[in-house]
Protein chains: 2
Amino acid sequence: MEQIETAPPPSRPAAKATGKREQTKQQNRQIILDAARIVFAEHGYGATTVRDIIRATPLASGTFYNYFQSKEEVYQAMQDETALVIRPKLREAREKATTVEEFISATFQTFFEFVLRDGVDVRALRHNADTMRMRMDTPEVIAGFDELREDIEKAIARGLFPPVDADYLMASIVGVAFEISERMARRAEADAKAAADFATALFLGGIRSLPHIANGNPADSGA
Amino acid sequence: MEQIETAPPPSRPAAKATGKREQTKQQNRQIILDAARIVFAEHGYGATTVRDIIRATPLASGTFYNYFQSKEEVYQAMQDETALVIRPKLREAREKATTVEEFISATFQTFFEFVLRDGVDVRALRHNADTMRMRMDTPEVIAGFDELREDIEKAIARGLFPPVDADYLMASIVGVAFEISERMARRAEADAKAAADFATALFLGGIRSLPHIANGNPADSGA
DNA sequence: TGGGAAGTTGACGGCGTGTCACCAATCTGT
DNA sequence: ACAGATTGGTGACACGCCGTCAACTTCCCA
């Protein structure tokens, strides 16, 4: 297991808003987070200990507790980091939408593409004895859900959507997005476009208008 | 914290297929499982230890390991128990279906009603710091998913469904079922019928035919 | 340059883990 | 009905992880 260190500072004298103390603090926090990502992915969430994380680091065990209370909190910070990356993308994608189709399609397409590209979590989260999944609804993740619901409510107000239960609709989109993204990532030829097309069609027109394929057999079967 | 014991045997001499040894084994296993349900619900999964479980029991710590390898395995056994209860209900409900509407509606209705009645897990599973959700896909749970996919494939073969990606459709139903059931359980007036109507309409006709409610405000939806 | 503040370190007491030698209860064959 | 064999319960033990804290090092500012 490699130890994680940030690259040596390129000695930029200017544009330095913070002192050495503050710099080191941010650095240490990031060192711990980076190490945690690797260790979680390697051993699974349940099996990793705070000691495992800190051992993958040049820091001492006591230092860990200056930054996080527990491995749960590290995990939460990781989730927040991820949520903060994807949320603006989703928001932006939906903002451009002028039709229901664009709204739904943009949401799924953006999400699935993100999962395939940066989907480190998906693999890491489930490593737990290969059967345990975890989802932590951190403040930033919940904020992402709220944004989706707000956007739905706005769309309803604009007359873009009919007046439906925005909470349940948001929940449905979230459920389909997470569940399909897992299946998608397992397929030999993971295809974000195809997955987004499926989900979009489902939400747009329901089962009757789902894309037809050759037989009942999809591209290929996962597990 | 109460200790869990099974009721004293009513001294039924007949209909006894097993010896004392075998009886005690099944009893102990059940004692541990019952205690685990309570302890998990009380402290949350992450915070409970094998010791917590065994302390809620008249058994010794070593005995635990004669039945389970870890708390994960206890949890898995709990999930399997639950899955074995609901799977036949779901299967039976779908078997009667002669139309798409019946198929979908029966699935959601059965699931949501089960969650509301026996939904101990839902509360227990998420107790973890109030932000951590867990889902363990145990063999029996996976078998339940497989059954749903098989039923979809059969329905496609019978011409009941158009030829769609059965795997993704199954995943979507599962995702919507889990995600909505959580929101439903949180609502002041949890209504399985309303939730099932929403999910059914979503899958039957898509967003355009979702049930309309007064305004964008949830609470509950009519029909 | 010196004194105080901030942060790091690693050893420590407490606890949970999984094991194992020992023992009690049950079973089996006569 | 009894004794030896077998199964399984018991709790103490060695080990490792947890979170803390007094001592120490580094940085900041006057």
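Numbers restart at 1 for each chain; the letters A, B, ... are given by sequence-line order, proteins then strands.
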Any donor-acceptor N or O pair under 3.5 Å, side chains A:Q109, A:E113: yes

Under a 3.5 Å threshold, yes or no: a donor from one side chain and an acceptor from the other, between A:D34 and A:Q30? yes

Can A:E81 and A:R37 be said to form a salt bridge (charged side-chain N to carboxylate O under 4.0 Å, His left out), step by step? CA-CA 11 Å; A:E81 261 190 349; A:R37 271 188 206 281; 2.6 Å; yes

Start and end of the DNA chain C segment that chain B contacts, any atom under 4.0 Å from a heavy atom: C:dG16 to C:dC27

Ion pair check, B:R87 and B:E92, cut-off under 4.0 Å: no

Within 45° of the six-membered ring axis of A:F114 and under 6.0 Å from that ring's centre, is NZ or CZ of A:K89 located there? no

Looking at D:dG9, I'd like to know if its phosphate oxygens (OP1 or OP2) sit under 4.0 Å from a side-chain N or O belonging to B:Y67. yes

Which parts of nucleotides 18-30 of chain D does protein reach within less than 4.0 Å, heavy atoms only, written one letter per nucleotide 5' to 3' as B for base, S for sugar-phosphate only and - for none? BBB-----BBS--

Once you apply a heavy-atom cut-off of 4.0 Å, does B:F68 come out as touching a base, just sugar-phosphate, or nothing? nothing

Ring-face cation contact, B:Y168 with A:R187, 6.0 Å cut, 45° max: yes

Whole-Å distance between D:dG11 P and B:N66 CG? 14 Å

Measure CD1/B:I54 against C1'/D:dG9 and give the value in whole Å, please. 11 Å

Those residues that, when tested against A:D146, pass side-chain hydrogen bond (donor to acceptor under 3.5 Å, both in side chains) (two or more places apart): A:R149

Scan side-chain atoms only and decide if B:T138 and B:E140 contain a donor-acceptor pair under the 3.5 Å cut-off. no

